[in-house]
Structure formats: structure tokens, C-alpha cells
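To find a chain, count down the sequence lines: A is the first, B the second, and so on, and within it residues start at 1.
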2 protein chains.
Amino acid sequence: MTGNADQTIEDFVERLGLVTQADGLPRIAGRIMGLMVIYGGPFSFTDLAEKLQISRASVSTNTRLLESLGVIERTTVPGERQDYFKIRPHPYSPLMQGYVERMRRARDMVGSTQDELPEEFGEAHERLQDLNEFYETMIDSFEKVVEKWDAKSKRSSVEKPRQPAEEPA
Amino acid sequence: MTGNADQTIEDFVERLGLVTQADGLPRIAGRIMGLMVIYGGPFSFTDLAEKLQISRASVSTNTRLLESLGVIERTTVPGERQDYFKIRPHPYSPLMQGYVERMRRARDMVGSTQDELPEEFGEAHERLQDLNEFYETMIDSFEKVVEKWDAKSKRSSVEKPRQPAEEPA
DNA sequence: TTATACGTTCAGTCAAGACTGAACGTACTA
DNA sequence: TAGTACGTTCAGTCTTGACTGAACGTATAA
């Protein structure tokens with residue numbers, strides 16, 4: 001229940017890195033996400049490099065990735081030169097889009113095989129159609145989850161102002 | 001529409017390999033699956049090694065993997081020493097189980113972080129709960145797809161006996 | 001002007017894990 | 001018994017891509 005909070009947080013950040021790695025994203029992207037989930041942000045560019053002990057190059061690459069996915073957003077502070085990053089209000093469904101994209105490509109690939117394969121491959125056509133429909137079902141379902149999730153999270157949370165990130169001493 | 005069927009098939013097999021690689025499975029597993037989708041099977045152990053130009057070690061490893069996932073099944077022929085493999089009747093939903101498992105583990109990881117993190121991390125707890133529910137939603141939805149798919153494919157296909165695999169000359 | 005503080009890019013390093021060849025164990029065959 | 005035909009396992013190689021350090025371009029500050 002209590003234990004060492006820092007350790008808990010470090011474990012969480014590290015494990016979320018492993019999770020995103022299994023999802024085909026760089027581990028560091030997951031670790032940045034982890035920090036954001038715990039502290040919300042904003043974090044400065046330098047903060048991220050120091051807290052995660054990673055190079056500025058990695059911060060640049062991975063924040064841009066997460067930004068393009070819609071998971072975090074870049075902000076600036078008047079009179080400051082550094083970029084700041086904070087987690088977006090509904091950050092998870094954009095992650096799903098990656099899955100959907102991959103499945104769409106897979107389905108299209110199957111579709112073009114169906115088009116190209118001569119008709120005499122009867123059973124093959126049956127199985128290809130099966131595979132095609134499988135992807136179709138997956139895609140539909142994914143899209144429904146996203147819809148459902150977005151509706152839910154928009155209902156329950158009105159955007160709140162965030163404090164600058166700082167661990168409790 | 002017509003073109004070179006062999007080329008179409010080779011492309012399909014190769015691309016399915018890339019798809020499974022993106023899903024976190026070895027490329028060879030996908031190529032084996034691809035062959036099975038086109039020709040159905042059964043393929044002998046040696047067939048697979050020769051047709052895909054891969055080592056027997058890879059055949060062993062990857063057939064065992066696909067077998068454990070429930071995508072293919074190993075059969076034997078009376079009087080033959082070789083193992084044969086054919087695609088199972090409803091081979092795709094077992095693949096989904098891998099996704100579900102990963103998400104379950106992710107959710108559990110978030111859960112234990114919630115348990116361990118002191119209460120004073122108020123906003124962190126909110127966001128962790130959000131993440132937890134996200135995974136929960138995903139898991140539920142995935143399971144529904146699997147159910148739906150299994151019901152559908154069981155409805156439309158009664159298992160048929162297969163011919164031994166052989167490309168048309 | 002020069003100096004400094006950024007963020008980005010790119011060539012190179014490193015690590016993870018897919019894949020292979022070789023050695024092995026087992027079970028048939030003669 | 002020896003010989004052969006398997007499937008599996010394991011140490012080593014190789015490939016892919018994450019990650020880094022260094023160089024760069026830009027903007028601010030003095």
C-alpha cells in the first residue's frame with residue numbers, strides 16, 4: 001500500500017516502457033508516457049532528458065513521435081525558450097489508431113491477393129475471404145471501442161488546469 | 001486478375017510474414033501461415049523447410065509456436081515417420097488471444113501501481129484509473145470480437161476434409 | 001559581433017531476438 | 001548391432017532498429 005513511492009513510480013515508468021515496446025513503439029516513448037501519467041506535466045525538454053536519463057536526441061525523437069500520435073502536446077511558456085510537454089486529455093485512443101492502421105494495411109494486402117489470384121484456387125479464395133473478413137471484423141470492433149472510449153472519457157472529465165510537474169519531497 | 005499466380009502467392013506469403021512481424025511474432029511463423037492459407041495443407045516438416053527455404057530448426061521452432069497458439073495442428077500419417085501440419089478450421093481468433101494476454105498484463109501492472117502508490121498522488125491516481133479502464137474496455141471489446149467471430153465462422157463453415165497440399169502445375 | 005541555449009538530424013554503436021548449423025536423443029529398419 | 005530418418009535444442013551469427021554523441025541551424029542575449 002505505501003512502501004517506497006519513488007520505487008513504485010520508477011517501476012511503473014519502466015514497465016510501461018516494456019508494454020509499449022511490445023506494442024511496437026520505442027521503449028523510451030512508453031517511459032515518457034509513464035512520467036506523464038504520474039505527474040501530468042508540463043515537463044521541459046531538459047526535465048525529460050534528466051529524469052529518464054536519456055539523450056536529448058532521444059527526447060526529441062520520442063516526443064515528436066508521441067506528439068504525432070496525439071498522446072502528448074508541446075507547449076511553450078512566454079519568455080522561455082524551452083519546449084514543454086504535457087499529456088493530452090484523452091491520450092489513449094490515438095494509440096489505438098496505430099493498431100487499426102496496421103490491420104487496414106493487412107486487410108488491403110489480402111484483398112489485392114484475392115484480386116490477383118486466379119479463380120481455380122477455390123479453397124484458397126475461401127480462406128482468403130475468411131482472413132479478409134477477420135480483419136474487417138477486427139477493424140470495425142476497434143473503431144467501436146475508440147468511439148465508446150472517447151464518449152466515455154469526454155463525459156466523465158472536463159479538462160482541468162494542471163500544475164507544473166513536481167514530485168512531492 | 002491473372003498475371004503470375006506463383007508470384008502472387010510468393011508475395012502474399014512474404015507480406016503475411018511482415019504483418020506477423022509487426023504483430024510481434026517471428027516472420028517465419030507468418031510465412032508458414034501464409035502457405036497454409038493458400039494451400040491448406042497438410043504439409044510435411046520437410047515440405048515447409050523446402051518451400052520456404054528455411055532451416056529445419058526454424059520449422060521446428062515456428063510450427064511449435066503456431067501449434068501452441070492454436071493456428072495449425074500437427075498430424076501424423078500411419079506408416080509415415082514425418083509430422084504433418086495443417087491449418088486449423090478457425091485459426092484467427094487464437095491469434096487474438098495474444099493481444100488480450102498482453103493487455104491483461106498491462107492492466108494488472110497498472111492495477112498494482114494503483115495499489116502501491118500513496119493516496120496523496122491524487123491526480124496520478126485519476127490518470128491511472130483512466131488507463132486501467134482503458135485497458136479494461138479494450139479487453140472486453142476484444143473478447144466480444146472473438147466471440148462474434150467464432151460464432152460467425154462456426155455458422156458458415158462445417159469442417160471439410162482437405163486434399164494434401166499441391167500447387168496446380 | 002560573439003556566445004549561449006535550445007531542438008533536430010544523422011552516422012555510428014549497441015542490444016534483442018530471429019534464424020541457422022551442428023550436435024543430440026529417439027525410434028524405426030535391416 | 002549399425003545405420004538412417006526424423007524432431008528438438010543450443011551456441012553462434014546476423015539483422016533490425018533503438019539509442020547516442022556530435023554536428024548543425026536557428027534564435028536570443030550581451
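Between the side chains of A/Tyr84 and A/Asp47, not a single donor N or O lies within less than 3.5 Å of an accepting N or O. For the residue pair A/Asp23/A/Tyr99, the side-chain donor-acceptor check at 3.5 Å is satisfied.
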Handout entry: Intermediate values then yes/no, salt bridge (Lys or Arg N to Asp or Glu O under 4.0 Å), A/Lys144 and A/Glu147
Key = CA-CA 5 Å; A/Lys144 274 195 199 114; A/Glu147 260 177 52; over 6 Å; no

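Distance from the side chain of B/Ser55 is smallest for C/dG21 among the nucleotides C/dG21, D/dC19, D/dT9. Residue A/Asn62 has its side chain nearest to D/dC19 when only C/dC19, D/dC19, D/dT9 are considered. With C/dC10, D/dT9, C/dG7 as the choices, the nucleotide that has an atom nearest any side-chain atom of A/Ala57 turns out to be C/dC10.
The distance between atom CZ of B/Arg64 and atom C1' of D/dC6, rounded to the nearest whole Å, is 14 Å. The distance between atom CZ of B/Arg81 and atom P of C/dG25, rounded to the nearest whole Å, is 18 Å. As rounded to whole Å, 17 Å separates atom P of D/dC19 from atom CZ of A/Arg56. Distance CZ (A/Arg74) to C1' (C/dT8): 10 Å, rounded to an integer number of Å. If you measure from atom CG of A/Leu18 to atom P of C/dG17, you get 10 Å, rounded to the nearest angstrom. As a whole-Å value, the separation of B/Leu66 CG from C/dA18 P is 13 Å. Distance CD (A/Glu67) to P (C/dT8): 8 Å, rounded to an integer number of Å. The separation between B/Ile28 atom CD1 and D/dT15 atom P is 14 Å, rounded to whole Å.
Tested against A/Ile28, the residues A/Leu65, A/Thr20, A/Thr63, A/Ile54 include a single side chain to side chain contact (heavy atoms under 4.5 Å, CB included) partner, A/Ile54.
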Exercise for the section: Using a 3.5 Å limit on both pairing distances, list the dot-bracket string of DNA chain D from the 5' end; Watson-Crick and G-U wobble pairs count, crossing pairs take [ ], interstrand pairs take |. Expected result: ||||||||||||||||||||||||||||||

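If you check distances only, the side chain of B/Arg27 never reaches the base of C/dA18 with a donor-acceptor pair under 3.5 Å.
Judged by closest nucleotide on DNA chain D, A/Pro26 is the one of A/Pro26 and A/Gly79 placed further toward the 5' end. Between B/Gln21 and A/Val59, it is B/Gln21 whose nearest contact on DNA chain D lies nearer the 5' terminus.
Inter-residue side-chain proximity for B/Phe121 and B/Leu128 is flagged as unmet; no heavy-atom pair is nearer than 4.5 Å.
Close to D/dT8, at under 4.0 Å from its OP1 or OP2, lies a side-chain N or O of B/Ser60.
Under a 4.0 Å N-O distance rule, the pair A/Glu67/A/Arg64 does not qualify as a salt bridge.
Ring geometry for A/Tyr92 versus B/Phe134: interplanar angle of 30 to 60°, hence tilted.
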